[in-house]
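Structure first, then comments.
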Amino acid sequence: MIRGWRSLLGWSALALLLVLTGLSFVLWGTNGPAYIVDLVAAYCL
């Protein structure tokens, strides 16, 4: 049972990473690099 949960957690993390990567490429393409830099600065500062 634990192995199934670990597998599900691993696949979920991978899917989330792929979605975030795809979203960052979409934002990069529509608004340019300034948008992502501003977004990172807003969350980090």
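Hydrogens, waters and symmetry mates play no part in the numbers below; they use all other heavy atoms, side chains included.
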Open item on the list: Who clusters with L20? Use side-chain heavy atoms, under 4.5 angstrom, across I, L, V, M, F, W and Y, and order the result by chain and number.
Closed with: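 Grouped by the 4.5 Å side-chain rule, L16 form the rest of the cluster around L20.
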- [ ] Give the other cluster members for F25, using side-chain heavy-atom distances under 4.5 Å between Ile, Leu, Val, Met, Phe, Trp and Tyr residues; answer none if it is isolated.
- [x]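 Grouped by the 4.5 Å side-chain rule, F25 forms a cluster of one, so the answer is none.
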- [ ] Just jot down the side-chain contact (heavy atoms from CB on, under 4.5 Å) partners of V19, sequence neighbours excluded, or say none.
- [x]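 By the side-chain contact (heavy atoms from CB on, under 4.5 Å) rule, V19 matches no residue at all.
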Open item on the list: Set out, in order, the CA-CA distance, both residues' side-chain angles and the distance that settles side chain to side chain contact (heavy atoms under 4.5 Å, CB included) for Y43 and L39, then state yes or no.
Closed with: CA-CA 6 Å; Y43 281 119; L39 188 66; 3.6 Å; yes
Open item on the list: Quick one, W11 and L14 - any side-chain contact, counting heavy atoms below 4.5 Å?
Closed with: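 W11 reaches L14 side chain to side chain.
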